[in-house]
Structure formats: structure tokens, C-alpha cells
Protein chains: 2
Amino acid sequence: MKLSEQKIVDKKLEILEAAQACFVRKGFHNTTMQDICQQAGMSAGNIYRYFDSKEVIIEAFAADELQWMSTAINDVPSSPDMLQAIVDTVYWTATTLMENDKSELIAELFAEAGRNPRINAIYTKFNKQLTQQACGMLQELEDNDLLRCQHDKQLITRILISLVDGLVVNEIVCPDFDMTNMRPVIETMVTSLFVPIDPKVN
Amino acid sequence: MKLSEQKIVDKKLEILEAAQACFVRKGFHNTTMQDICQQAGMSAGNIYRYFDSKEVIIEAFAADELQWMSTAINDVPSSPDMLQAIVDTVYWTATTLMENDKSELIAELFAEAGRNPRINAIYTKFNKQLTQQACGMLQELEDNDLLRCQHDKQLITRILISLVDGLVVNEIVCPDFDMTNMRPVIETMVTSLFVPIDPKVN
DNA sequence: TTGTCCAGAATGAACGGTCATTCAATATAA
DNA sequence: TTATATTGAATGACCGTTCATTCTGGACAA
């Protein structure tokens, strides 16, 4: 009758999904345990068997959410043209986040990271990894003479990440502005940061 | 003995300033009325003579805050070179917001706008104005043959605003990343969106 | 198969604490 | 004295968390 490891993981996930639905609607602090209970179809006491506190649920949710973003970024369809691949990464990440209604959650995460040290630590760590990963990719492209960066790679990376985050959260306060044509603009901006290496030169 | 109009305005401002200090530290929902009372050196009952509810304080604060940003944007030192003027506006706005510790507040505003319709309305309205104002400036530059936009003016504007917001909120999750050299990168990206009109051509 | 037992899963009412809001009492200035 | 400003303890609602209780399904003896 004891639940298997797997069942416990599933249960936790179930709770986190319910929590997510509530967090989207009301944010972390306006969501009550009762909200989560109702959404999860589970009693308060039972939820506390899986998570020690609401705070822990928020933290687990944050970690999950960043995990989701991380995989979303890796799912960008790759292009043979390296410059296009970078443009795609920026564009796809932004549009994917928007289309999956992550705007509110990301805004919530930033706000929480601003005052909750534990959430801040989770986000900071994720951000550091993401930056390094992206820098590594740029470095590799340079090493293989496929591209040259016009500026410091870390700066470029951080600014592009900021651009994506900015686009996503701005969706919240631009309800009726059509962003579907933003790709060419993104392309111009991103492209300007790199010099493609002309094969003819070799 | 009745307070003059001016005194009432002052009192309200005093309360809003106290509220702001608390909001920076704890965010809207973790700030208690007691926090605000203490910070303002005023009793709870008295604050309720000036604001009907905590909710109203948050709304008034949001409006004030956006007002502050609006003026900050207009305070950008102007440059004779129009392209530089645009770059400056983007760069100055971002750095000014960062230096005045607005990151947490802006993140908080985005999060709140995501679920509180009244705050959303305030922010949306501000955003619309800001976009129009910026578009108007670009239009004027084009009309005077000082510049040509490579893309739709509204799109450019929205994306640049998003970039600024993204840079500012990203400061929260990049505690130890040095952004002081970001200007050249910003310059490259912003510049790429416009074609300066060469006087020789005329 | 059938009935009994029990560990672990789940429930939900109750508790203690916190917080926004109110209001009776007091201070103040004209 | 009086109208207004201010105080801060009291109020009532809400919320995270707990815990006494109930449910469930498999083990096992007969």
C-alpha cells in the first residue's frame, strides 16, 4: 500500500501543476493553499505530506519552471547558417515563452527573485549556467571560424537574454500590440552583433 | 485647522514615499500596513484618512512610479547626432533605472500588472503613451530627412522599450555581472535599426 | 475464497497567528 | 469651544499549518 518512488514523484508533479495554474491566475502570494487544494483535488493535509510548506512549493515550482525554459531553449530548430541559428534561438525562445503563456510566471519569478533570497539563488544559478552555455556556443563558432563577435561574448549573451525576457514580460502590458512581425527587427539587431566570415576570403 | 489642498497632497506623497521604501524591500503583498505606518511615522487610522485602502496606495504608487519613469526618459541629455540621441535614450533610461534601484519595483509592477486589472490598465495606458511619443519622435526625424527606419516604427519602439525593461529586471538575477560596458553593444544593436542619411547625398 | 487487520494515504475541521480596516478616544490648532 | 487631525487598540476575516479521524487496499490466516 505504500506509494512507490515513482508515484510520489507523480503526486508531487500533480501538485506543482495545480500550483502553477493558481500562480498564473493570482501570483504566488495571492494563491492560498485552499486554491491549490481545490485545483489539485486534494486535501490540505495531504499536500503537506508531499511538501513541507507553501514556500517549498514555490521554490520547487521555480526550479521546475526554469528547467522547462532550459529545455525549451535547447529545442530550437537548428539552422545550417550560424547567424540564423542565433537569430532563431532569440526569436524562438521569446515566441515559445509567449505562446505558452509564460509571461505572467516569468514576471512573477523576477519579482519574487527581487526579495526572496532562495528564489533569487535558484534563478541566479540558472542564469549563470545559461550564460555560460551560450558563451560556450559562441566561442565554439569563433574557434571554427564561422563567426566573429563584435563585442564581449558575455555581454552579448546577457543582453540577448535580457531582450528575450523583456519581450516576454512586455507582452503583459501591451495586450493589443501585434508582435508577430517582430522577427525581421530581431534579426537586424542580433545580426549586427556578429560578423559572418565570408568563405571567399579563405 | 483644516489642511490645505497642498498639505493634503504633501501628506499623500509622504505616505507614498514610505510605501515605496517598503515595496522595494518586500514587494506589494508582503508589505503590511504596519510597515507603511512605521516607515511614515504615522498611525494606521491616519493613513486611512488619505487612502481608502492598501489597494489604492498600490495603485497610486504605480501611477507615480510610471510618472517618474516618464520624466526620467525626457531628461536624457540631447545629442546633435540623432542616432546617438536614440542610443543615449535607450542607454540612459536603462542605467538610470538601474542606478535608482528601480529593478525590483519594475519587476513587481510587471508581476502585479499580470494579475491585477487596475494596475494593468495603468501600465497599459502609460505604455501606449510612451510608444506613441517615441514613434512620433522617429516620425519627425524621418520627416526631416535626418534618419530612416529599417522597420516599422512601432515595432522598433516596442522592442527597444522591451530591451530596456529586460536589462533592468535582469539586474535582479545577475547580481555579480558587470554591465558598465554595455553601451557599445547597445549602440551596435540600436544603430542597426536605422540608416543615417548622409548629407553628401543631397 | 472470505474475513480480519493494519500501515499508510487522505480528509477537513480547528488552531494560532497575521493583517487590513475601523472606531472610540485624544490631541491640536484656530 | 469646536472642528479637524491623529492615535492605536480592537475587530473580524483570512490563511498556512496541524492533527485527530476516516478511508483504502493488500497481507494473511482460516
Side-chain angles (χ1 to χ4, degrees), chain A residues 1-62 108 111-112 115-119, chain B residues 1-62 108 111-112 115-119:
Chain A
M1 220 245 142
K2 184 162 183 156
L3 289 186
S4 67
E5 278 305 303
Q6 186 53 47
K7 282 274 175 199
I8 289 176
V9 170
D10 289 349
K11 220 64 167 157
K12 283 190 173 188
L13 244 146
E14 211 179 316
I15 295 169
L16 285 180
E17 262 162 38
Q20 156 150 2
C22 299
F23 291 159
V24 172
R25 276 200 296 276
K26 301 188 168 196
F28 296 145
H29 295 293
N30 282 334
T31 295
T32 70
M33 274 294 168
Q34 284 310 316
D35 291 335
I36 299 177
C37 293
Q38 205 157 354
Q39 181 79 31
M42 214 178 281
S43 68
N46 202 30
I47 284 183
Y48 275 85
R49 287 177 47 81
Y50 299 94
F51 291 99
D52 284 344
S53 67
K54 185 185 168 189
E55 202 57 30
V56 171
I57 294 180
I58 294 176
E59 285 164 27
F61 163 78
E108 194 71 24
E112 193 65 17
R115 57 187 128 82
N116 180 334
R118 298 175 67 92
I119 299 292
Chain B
M1 218 246 135
K2 185 163 184 151
L3 289 185
S4 66
E5 276 309 300
Q6 187 52 47
K7 283 275 174 198
I8 290 176
V9 170
D10 288 350
K11 231 22 162 184
K12 284 190 173 188
L13 245 147
E14 210 177 303
I15 295 168
L16 285 179
E17 263 162 38
Q20 154 149 5
C22 299
F23 291 159
V24 172
R25 276 199 296 276
K26 303 194 175 190
F28 296 147
H29 295 292
N30 282 335
T31 296
T32 69
M33 274 295 168
Q34 284 311 315
D35 291 335
I36 299 177
C37 293
Q38 205 157 353
Q39 181 79 31
M42 213 178 282
S43 69
N46 202 30
I47 285 182
Y48 274 85
R49 286 179 49 81
Y50 297 94
F51 292 99
D52 285 343
S53 67
K54 185 186 168 188
E55 202 57 29
V56 171
I57 294 180
I58 293 175
E59 285 164 27
F61 164 78
E108 193 71 26
E112 192 65 18
R115 55 186 129 83
N116 181 333
R118 299 175 66 91
I119 299 290

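Keep in mind it's a predicted model, so treat the numbers as computed, not measured. In the text below, chain A, chain B and the rest are named by the order of the sequence lines, each starting its count at 1.
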Q) Given B:Leu16 and B:Phe51, is the side-chain contact (heavy atoms from CB on, under 4.5 Å) satisfied, shown in steps? A) CA-CA 10 Å; B:Leu16 285 179; B:Phe51 292 99; 3.9 Å; yes
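Annotation: side-chain contact (heavy atoms from CB on, under 4.5 Å) contacts of A:Arg118 (sequence neighbours excluded): A:Glu59, A:Asn116.
Side-chain contact of B:Ser43 with B:Asn46: a donor-acceptor pair under 3.5 Å is absent, judged by distance alone. In this model, no donor atom of one side chain and acceptor atom of the other lie less than 3.5 Å apart for B:Gln20 and B:Arg25.
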**Q.** Nucleotide-resolved protein contact map, nucleotides 13-25 of chain C, B/S/- at heavy-atom distance under 4.0 Å
**A.** ------SSBBB--
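Once rounded to the nearest 0.5 Å, the distance linking CG of B:Asp10 with CD of B:Glu17 reads 10.0 Å. In this structure, B:Asn30 CG and A:Arg115 CZ are separated by 6.0 Å, a value rounded to the nearest 0.5 Å. To the nearest 0.5 Å, the span separating CD on B:Glu112 from CD on A:Glu108 amounts to 8.5 Å. One distance of note links CD of A:Gln34 with CD of A:Gln39; it measures 13.0 Å at 0.5 Å rounding. A distance of 4.5 Å separates CD1 in B:Ile36 from CZ in B:Phe23, rounded to the nearest 0.5 Å.
Taking atom CD1 of B:Ile47 as the reference point, atom C1' of D:dT7 lies 12 Å away to the nearest angstrom. We find that CZ of A:Arg49 is positioned 8 Å from C1' of C:dA10, with the value rounded to whole Å. One can place CD of A:Gln38 at 13 Å from P of C:dT11, the figure rounded to the nearest angstrom. Taking atom CD1 on B:Ile36 and atom C1' on D:dT6, their separation rounds to 18 Å, with Å as the unit. Computed from coordinates, the A:Asp10 CG to C:dA9 C1' distance equals 16 Å when rounded to whole Å. At whole-Å resolution of the value, CD1 in A:Ile57 and P in D:dG16 are 10 Å apart. Distance A:Lys7 NZ to D:dG25 P: 12 Å, rounded to the nearest Å.
The nucleotide whose nearest atom lies closest to any side-chain atom of A:Ser43 is, among D:dA5, C:dG12, D:dG8, C:dG12.
Taken over five-pair windows at either terminus, the axes of the helix from C:dT1-D:dA30 to C:dA30-D:dT1 are inclined to one another by 10° (rounded to 10 degrees).
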